[in-house]
Novice: 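Following this message is one structure expressed as structure tokens.
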Amino acid sequence: MTQRRILVTSALPYANGHIHIGHLVEYIQTDIWVRFQKLRGNQCVYLCADDTHGTAIMIRARKEGRSEEALIAEMRDAHIRDFSEFDIEFDNYGSTNSDENRELCAQFWKSIRDAGLVKEKEIEQLFDPEEGTFLADRFVRGTCPKCGAADQPGDNCSKCAATYSPADLKDPKSTLSGATPEIRTATHLFIELEQLHEFLDEWTQSGDHLQAEVANYLKGHFLGDPLRDWDISRPAPYFGFEIPDSPGNFWYVWFDAPIGYMASTKQWCDANGEDFDKWWRDEETEIHHFIGKDITYFHTLFWPGMLKSAGFNLPTKVHIHGFLTVGGEKMSKSQGTFVMASTYRNHLNPAWLRYYYAAKLGSRLDDLDLNLEELVAKVNSDLVGKLVNIASRSAKFVGGQSLADSYPEDGGLFEAAAAKADDIAAAYERCDYSGAMREIMALADAANRYVEEAQPWTLKKDPEKQGEVQAVCSVALNLFRQLVVYLSPVLPRLAEQTVELLNVPIEKWDDVKTPLIGTPVSKFQHMMKRVTEEQVTAMIEESKAENEAAESEAAGDQWNDGPEALAAEPMSEECTIDDFVKVDLRVARIVSASDVPEADKLLALTLSLGGGETRNVFAGIKAAYKPEDLIGRLVVCVANLKPRKMRFGTSEGMVCASGSGGEEVFLLSPDEGAVPGQRVH
RNA sequence: GGGAGUGUAGCUCAAUCGGUUAGAGCAGUGGACUCAUAAUCCAUUGGUUGGGGGUUCAAGUCCCUCCACUCCCA
């Protein structure tokens with residue numbers, strides 16, 4: 001087998017937050033692949049870095065009253081600590097805020113300029129006069145210019161799905177300061193990606209660079225039309241690198257972030273006497289990027305385009321994975337399923353998560369669901385019950401002695417398991433870890449059956465049969481070691497423990513093909529504990545508590561009330577008592593509630609004001625309430641609202657509720673004792 | 001709104017180019033064993049492959065349509 005030269009990266013974590021179990025899907029996936037490649041004898045380096053630039057970092061540092069450099073240094077230490085606790089082993093962990101990165105950015109920039117891909121355009125952008133900074137779309141909220149929905153983000157409306165530019169918003173507010181932004185023009189630099197259209201068509205649609213569904217997605221969504229220019233500069237103030245030939249402008253964070261892969265490589269090369277060009281300009285080198293599906297287009301359009309323009313190697317493959325859900329739902333801070341790596345570590349063993357993710361990761365970009373009960377079952381059953389059990393039930397009979405001097409007759413088990421080496425390797429290679437785990441666990445079952453039939457515990461009682469005991473245990477321990485070699489990319493610590501037990505290093509994939517003979521066996525020690533549901537529950541509880549503490553700290557008071565709601569929908573102008581009494585608010589009882597099938601957001605309600613007085617109301621609360629849960633409850637309604645014809649009928653009032661819409665709708669309820677028809681003063 | 005996906009047993013997933021009676025693990029049930037961390041072994045229940053229609057000798061797989069969910073839209 002010829003040795004491959006492989007450069008591997010995971011996406012750069014942003015220096016604005018800690019590593020959580022969602023991030024870990026990617027780093028564990030990548031780390032397994034890298035460890036596998038190294039075990040196969042390939043020359044493989046795993047590179048990563050913190051992504052440190054951009055507005056979010058600048059704003060956060062400002063809020064915390066310290067420099068960006070201090071913030072990112074602290075975050076980088078925390079990231080490195082988290083990764084190391086999960087046995088994620090980078091060959092170099094850099095930072096996009098490094099000299100190497102600045103130099104490489106300049107080099108890319110010159111190539112892209114020379115290729116005639118850069119042009120300047122004046123664009124209008126909202127500017128926060130209080131913070132003294134231009135505002136990215138997500139930092140502006142206001143009223144949708146199309147449908148008039150309040151509190152919508154700067155680029156599209158969550159109510160009517162209209163897309164627009166932040167400058168079109170009515171009553172825009174900065175989410176940073178609450179100030180009304182001004183429109184200012186600024187010169188931005190753009191890369192004319194369309195000039196690379198033909199190349200990108202070719203690169204994305206041919207070869208094996210992308211998973212099939214990703215190639216389809218790009219074809220369907222981007223490559224069918226001319227590619228838009230890519231805005232890669234941001235005016236000061238901005239935390240990043242100033243563009244050398246455009247003073248006052250900085251490279252957009254997504255320009256310098258992927259270059260960070262190369263800057264990290266450069267650091268590694270310098271530290272290890274390696275030639276940088278061998279890794280990024282020699283076509284013999286394979287380059288593999290592992291990323292999540294949310295950043296697909298940066299890595300499959302811009303990045304190959306940049307590399308092509310600057311004359312570097314193109315990625316051999318971009319491996320894209322799905323998102324993590326917990327219990328079938330998005331990770332949720334309030335439910336405690338948004339678990340930080342460090343919180344997990346406080347309660348559970350990282351090896352469990354590594355195995356669980358491996359058992360569920362396939363080569364496609366389906367989302368991965370972390371089901372906590374399943375985690376408990378899988379770890380206890382597969383790792384403890386099946387795998388470690390093989391050693392546990394055989395090693396103690398030969399502890400302190402040696403394995404048999406020649407490999408005993410085992411009915412072909414060892415050979416059969418060794419024959420799986422290529423299949424299992426192929427599954428790892430294509431990132432089908434779940435397939436690999438299934439094959440390995442089937443072998444573990446076979447090993448347990450062998451021990452079951454051979455009954456070393458019975459043989460042990462007969463002094464004449466001590467040789468047989470040694471033979472049976474030699475087989476069992478060799479089968480166990482085979483499994484551990486297969487699993488060592490996933491469970492490096494278990495591999496180390498096995499080395500201690502059997503006193504022979506595990507160094508290469510082909511170790512599965514040669515049984516150990518005559519080597520000493522150490523005294524058996526427990527290799528892995530079982531998981532309990534209590535541990536999992538404790539982790540979730542701590543995660544919840546952390547979230548509550550964080551919210552409370554942010555709000556600065558004991559009620560956890562944050563400023564977001566008020567900032568999102570700022571106070572209206574003053575009104576008089578006369579203005580207020582024009583609105584006749586009444587307590588009403590919902591006497592019927594039904595779905596409006598043709599409407600996405602509406603429920604049809606009949607409100608009783610008592611004494612036979614009713615109002616038919618269409619309320620936009622479908623996503624938040626089920627009709628059957630509403631019937632009978634008291635609400636507050638606007639009883640004198642002018643009736644309005646809608647497609648589905650006439651609406652004769654409004655039900656009072658707060659919230660931003662969608663599922664975030666909270667009906668007002670009167671306290672106990674109120675009766676329908678009472679006026680609200 | 002546009003695009004890309006997903007939907008298979010109670011749960012998590014397989015099923016090669018369209019090809020035998022749709023398979024595993026876990027959970028469940030019955031039994032065996034008692035070396036092992038209540039681990040292991042044997043047997044076994046469980047399916048209208050989201051709904052409907054079509055193509056075909058043959059459809060989980062291909063086509064149309066509807067439903068539900070996920071992600072993306074620079």
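Worth knowing before you read on, the calculation uses all heavy atoms, side chains too, and leaves out hydrogens, waters and symmetry mates. Order of the sequence lines sets the chain letters (A, B, ...), proteins ahead of strands, with each chain counted from 1. Computed from a prediction, not measured in an experiment: that's the story for all the values here.
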Novice: Out of B:C11, B:C73, B:G5, which has the shortest distance to the side chain of A:Asn216?
Specialist: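 Closest nucleotide among those given: B:G5.
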Novice: Between B:A74, B:C72, B:U12, which nucleotide gets closest to the side-chain atoms of A:Asp369?
Specialist: B:U12
Novice: Restricting to salt bridge (Lys or Arg N to Asp or Glu O under 4.0 Å), what partner residues turn up for A:Asp367, sequence neighbours left out?
Specialist: A:Lys293
Novice: Mind checking if A:Ser434 touches a base, just sugar-phosphate, or nothing, with heavy atoms under 4.0 Å?
Specialist: nothing
Novice: Check the distance between B:C72's P and A:Leu227's CG and give it to me in whole angstrom.
Specialist: 20 Å
Novice: Check every atom of B:C35, B:U40, B:U70 against the side chain of A:Lys396 and return the nucleotide holding the closest atom.
Specialist: B:C35
Novice: Send over the distance from A:Arg430 CZ to B:U16 P, rounded to a whole Å.
Specialist: 12 Å
Novice: Using the side chain to side chain contact (heavy atoms under 4.5 Å, CB included) criterion, which residues pair with A:Arg393? Sequence neighbours excluded.
Specialist: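 For A:Arg393, the residues satisfying side chain to side chain contact (heavy atoms under 4.5 Å, CB included) (neighbours in sequence not counted) are A:Asn389, A:Asn448, A:Val451, A:Glu452, A:Trp457.
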Novice: Locate the shortest heavy-atom distance separating A:Phe241 from A:Cys105; write the atom from each residue and the value.
Specialist: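 Reported closest heavy-atom pair: CD1-SG, 4.2 Å.
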Novice: Can you tell me the distance, in whole Å, between the NZ atom of A:Lys461 and the C1' atom of B:U34?
Specialist: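 One finds 9 Å between C1' of B:U34 and NZ of A:Lys461, rounded.
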Novice: Using the glycosidic torsion, which applies to B:C35: syn (within 90° of 0) or anti (everything else)?
Specialist: anti
Novice: Please report the distance, rounded to the nearest Å, between NZ in A:Lys386 and P in B:A38.
Specialist: 17 Å
Novice: Quick one: are the ring centres of A:Phe290 and A:Trp33 less than 6.0 Å apart?
Specialist: yes
Novice: Among the nucleotides B:G5, B:A74, B:U12, which one has an atom lying closest to any side-chain atom of A:Glu374?
Specialist: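 Minimum distance to the A:Glu374 side chain belongs to B:U12.
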Novice: Residues of residues 526-536 of chain A with any non-hydrogen atom less than 4.0 angstrom from an atom of RNA chain B: list those, numerically ordered, please.
Specialist: A:His526, A:Met527, A:Met528, A:Arg530
Novice: Between B:C11, B:A36, B:C35, which nucleotide has the shortest distance from any of its atoms to the side chain of A:Asn371?
Specialist: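 Between B:C11, B:A36, B:C35, the one nearest the side chain of A:Asn371 would be B:C11.
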Novice: Measure from the side-chain heavy atoms of A:Tyr217 and tell me the nearest of B:C71, B:G5, B:C72.
Specialist: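 Closest nucleotide among those given: B:C72.
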Novice: Let's test your reading of the pairing rules: Watson-Crick or G-U wobble, both distances under 3.5 Å, then write RNA chain B as a dot-bracket string with ( ), [ ], | and dots.
Specialist: (((((((..((((.....[...)))).(((((.......))))).....(((((..]....)))))))))))).
Novice: List for me each residue that meets ring pair (Phe, Tyr, Trp, His ring centres under 6.0 Å) alongside A:His23, sequence neighbours excluded, and say none if there are none.
Specialist: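 Checked A:His23 against ring pair (Phe, Tyr, Trp, His ring centres under 6.0 Å); matches are A:His20.
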Novice: Specify the separation, in whole Å, of atom CZ of A:Phe222 and atom C1' of B:G3.
Specialist: 9 Å
Novice: Atom NZ of A:Lys360 and atom C1' of B:C26: how far apart are they, to the nearest Å?
Specialist: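 It works out to 11 Å between those atoms.
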Novice: Compare the minimum distances between each of B:G5, B:U37, B:A74 and the side chain of A:Asp366, then state the nucleotide with the smallest one.
Specialist: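 Given the options B:G5, B:U37, B:A74, the side chain of A:Asp366 is closest to B:G5.
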Novice: Provide, to the nearest angstrom, the distance between the CG atom belonging to A:Leu365 and the C1' atom belonging to B:C71.
Specialist: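 Checked: the CG to C1' distance equals 9 Å.
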Novice: Could one point to a donor on the side chain of A:Arg438 or the base of B:A24 with an acceptor on the other under 3.5 Å away?
Specialist: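 Looking at the base of B:A24, it does not pair with any donor or acceptor on the side chain of A:Arg438 (distance under 3.5 Å).
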Novice: Choosing from B:C11, B:C41, B:U40, which nucleotide comes nearest the side chain of A:Arg393?
Specialist: B:U40
Novice: Determine whether the side chains of A:Thr187 and A:Glu122 contain a donor N or O and an acceptor N or O closer than 3.5 Å.
Specialist: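 There is such a pair (donor and acceptor under 3.5 Å, judged by atom type) between the side chains of A:Thr187 and A:Glu122.
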Novice: May I ask you to check whether over 12 heavy atoms, not counting those of A:Lys460, lie within 6.0 Å of atom NZ?
Specialist: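 Enclosed: over 12 neighbouring heavy atoms sit under 6.0 Å from NZ of A:Lys460.
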Novice: Just call it for A:Lys330: base, sugar-phosphate, or nothing, with non-hydrogen atoms closer than 4.0 Å on any strand.
Specialist: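 If one applies the 4.0 Å heavy-atom cut-off, A:Lys330 turns out to touch the sugar-phosphate alone, with no base involved.
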Novice: Between A:Glu453 (CD) and B:C42 (P), how many Å, whole number?
Specialist: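 Rounded to the whole Å, the gap is 8 Å.
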Novice: Test: salt bridge (Lys or Arg N to Asp or Glu O under 4.0 Å). Region: residues 210-228 of chain A. Which pairs qualify, not counting sequence neighbours?
Specialist: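 Salt bridge (Lys or Arg N to Asp or Glu O under 4.0 Å) check on residues 210-228 of chain A returns no pairs.
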Novice: Do we see a donor-acceptor contact under 3.5 Å between the side chains of A:Asp294 and A:Thr296?
Specialist: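 Short answer, no.
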Novice: Using a 4.0 Å heavy-atom cut-off, does A:Val451 contact any base of the nucleic acid, only the sugar-phosphate backbone, or nothing at all?
Specialist: nothing
Novice: Look at the side chain of A:Val384 and decide which nucleotide, out of B:C35, B:C41, B:U37, has an atom nearest to it.
Specialist: B:U37
Novice: With a 4.0 Å cut-off on heavy atoms, is A:Phe298 in touch with a base, just the backbone sugar-phosphate, or nothing at all?
Specialist: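 The residue A:Phe298 makes no contact with any strand.
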Novice: So, A:His209 side chain and A:Val318 main chain: donor-acceptor pair closer than 3.5 Å or not?
Specialist: no
